[in-house]
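Below: one structure, written as C-alpha cells.
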Amino acid sequence: MMQLSNYFDNKIIWITGASAGIGEALAIALSQYNTKLILSSRNEAKLESVKSKCAHSNITIAAGDLSNKASNEAIAEKIQAQFGQLDIALFNAGTCEYVDAKNFDSALFERVFNANYFSMVYGIEAALPLVRRSNSPQIVGMSSTAYYIGMPRSEAYGASKAAIAYMLNALRISLLPENIPVSVICPGFVETPLTDKNDFPMPGKISAETAAEHIIKGTAKQSEEIHFPKLFSIIMKTFASLPYFLQTPLLAKMVKK
Ligand SMILES: NC(=O)c1ccc[n+]([C@@H]2O[C@H](COP(=O)([O-])OP(=O)(O)OC[C@H]3O[C@@H](n4cnc5c(N)ncnc54)[C@H](OP(=O)(O)O)[C@@H]3O)[C@@H](O)[C@H]2O)c1
C-alpha cells in the first residue's frame, strides 16, 4: 500500500464532528501529514481547542449545525472560496439517543436522523461539486457496527446508521463512472464523550486514537467498508447472518443479563 504520508500529501480534507471523540482524534492524526483540514461542528471554541492540538496550523474552522442544510452550504462556500475544491469529505458528525419503547417518541427519531443521516445527506449535496473538482476525490462516511443487528434501545440510532450505510453503498456504485470512491466506516465501541454516557458493558472498546488509525488506513486503501476492531465486527457480522428465530432469543437473553 502507498505510504500514508504520500496518500494524504497536500490533500484538502473536510472533517465533520471534529470537536470531540473520533473526529478530534482524526483531525489531530491527519495533521501529522501535509494536509489542509477544514474542521466542523457546532462548537467553535472546542474546534479552536482541537486546532491548537494539531501538528500544523493549516486548519480552517467552519462551525455550524450540520443538521441544517444552510450550514452545510455555507461551509461548502467557505471551502470553495478558500481552496476551490475538496479532496476528501469525511462525514463523522453524529449523536446517539436511546429509545424507551414504553415511551416511543418520534421526536427522538427526528433528532437522531437529523444529526446523523440528514447532516450527511446535506453535507454530500454541498460537497459533491467541490469533490468533483479534485484529481483524487473521495467520500467517507460514519456508520456503525450497531446497524448490523437490531439492538434494543437502538431503534433510532441503529436505523440512522443503517440508512447511512445503505446510502453510501448505493452512492459508491452511482459514483463509479466518476471515479469517486465511497467508504463506509463501521466502528465497534470507541471511548468518547458519546459512549461515556452508556450504562452497559462495551466489549472490545478501543480508544479514539486507535479508531482514527483504522479510519485513516482504510481511507488510504479506499476500502468499501472500514470496520473495526476486527474481532468485534466479525462476531457482529456472524451474529447478523443468523436467522431471526435464533437472533431474537439470544439477544433477549443478553439484554436480560
Ligand atoms: N463512539 C463509538 O463507540 C462509536 C461507534 C460507532 C460509530 N460512532 C459514530 O462516530 C461518530 C463520532 O462519534 P463520537 O463517539 O466521536 O461522538 P462524540 O464524541 O459525541 O462527537 C460527536 C461529534 O459530532 C458533532 N456533532 C454532533 N451533532 C452535530 C450537529 N448537529 N452539527 C455539527 N456537529 C455535530 C459534535 O460536535 P458539537 O457538539 O461541537 O456540535 C462532535 O464533534 C458519530 O457519528 C457516531 O455515531 C461512534
Side-chain angles (χ1 to χ4, degrees), residues 14-29 37-51 53 61-76 89-98 108 110-123 126 140-149 151 154 156-165 167-168 183-215 218 225-229 232-233 236:
W14 180 24
I15 307 170
T16 73
S19 66
I22 299 171
E24 172 177 9
L26 276 169
I28 293 169
L37 304 179
I38 301 106
L39 308 185
S40 295
S41 89
R42 289 162 299 187
N43 191 321
E44 192 160 0
K46 276 199 198 163
L47 291 171
E48 289 291 351
S49 154
V50 172
K51 179 176 177 174
K53 294 182 208 164
I61 303 295
D65 182 348
L66 299 170
S67 60
N68 177 315
K69 182 174 164 170
S71 300
N72 286 275
E73 289 167 350
I75 292 168
L90 207 166
F91 299 107
N92 158 78
T95 191
C96 180
E97 287 188 60
Y98 291 118
L108 183 155
E110 283 179 19
R111 283 195 300 277
V112 170
F113 266 75
N114 285 338
N116 294 355
Y117 181 71
F118 281 104
S119 69
M120 199 181 291
V121 171
Y122 298 144
V140 184
M142 181 62 84
S143 177
S144 169
T145 53
Y147 98 81
Y148 297 166
I149 301 169
M151 299 292 284
S154 284
Y157 179 75
S160 73
K161 295 301 184 182
I164 285 170
M167 187 256 293
L168 293 176
S183 300
V184 55
I185 312 166
C186 294
F189 291 111
V190 182
E191 183 155 11
T192 68
L194 185 143
T195 49
D196 285 349
K197 291 183 247 159
N198 286 347
D199 57 0
F200 50 83
M202 291 177 271
K205 188 167 72 173
I206 57 171
S207 69
E209 290 71 26
T210 304
E213 267 176 46
H214 284 290
I215 294 167
E225 186 190 23
I226 305 167
H227 62 98
F228 56 88
F232 182 79
S233 57
M236 292 283 280

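Counting convention: from 1, in listed order, for ligands and their atoms alike. Keep in mind that this is a model prediction, so the values were computed, not measured. One is the number of the first residue; the rest follow in order along the sequence.
Rounded to the nearest 0.5 Å, atoms CD (Glu44) and CD1 (Ile61) are 7.5 Å apart.
Protein residues with a heavy atom closer than 4.0 Å to ligand 1 are Gly17, Ala18, Ser19, Ala20, Gly21, Ile22, Ser41, Arg42, Asn43, Gly64, Asp65, Leu66, Ser67, Asn92, Ala93, Gly94, Met142, Ser143, Ser144, Tyr157, Lys161, Pro187, Gly188, Phe189, Val190, Thr192, Pro193, Leu194, Thr195, listed by chain and number.
You'll find the side chain of Lys161 reaches within 4.5 Å of the side chain of Met142, heavy atoms only. Between Met151 and Tyr157, every side-chain heavy-atom pair lies at or beyond the 4.5 Å cut-off.
Sorted pairs that involve residues 200-213 and meet salt bridge (Lys or Arg N to Asp or Glu O under 4.0 Å), not counting sequence neighbours, are lacking altogether.
Scanning for ring pair (Phe, Tyr, Trp, His ring centres under 6.0 Å) contacts around Tyr147 gives an empty result, with sequence neighbours left out.
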For residues 187-197, which side-chain N or O atoms pair as donor and acceptor with protein atoms under 3.5 Å away, sequence neighbours left out?
residue	atom	partner	partner atom	Å
Thr192	OG1	Leu194	N	3.1
Thr192	OG1	Thr195	N	3.4
Thr195	OG1	Val190	O	2.6
Thr195	OG1	Thr192	N	3.1
Thr195	OG1	Thr192	O	3.2

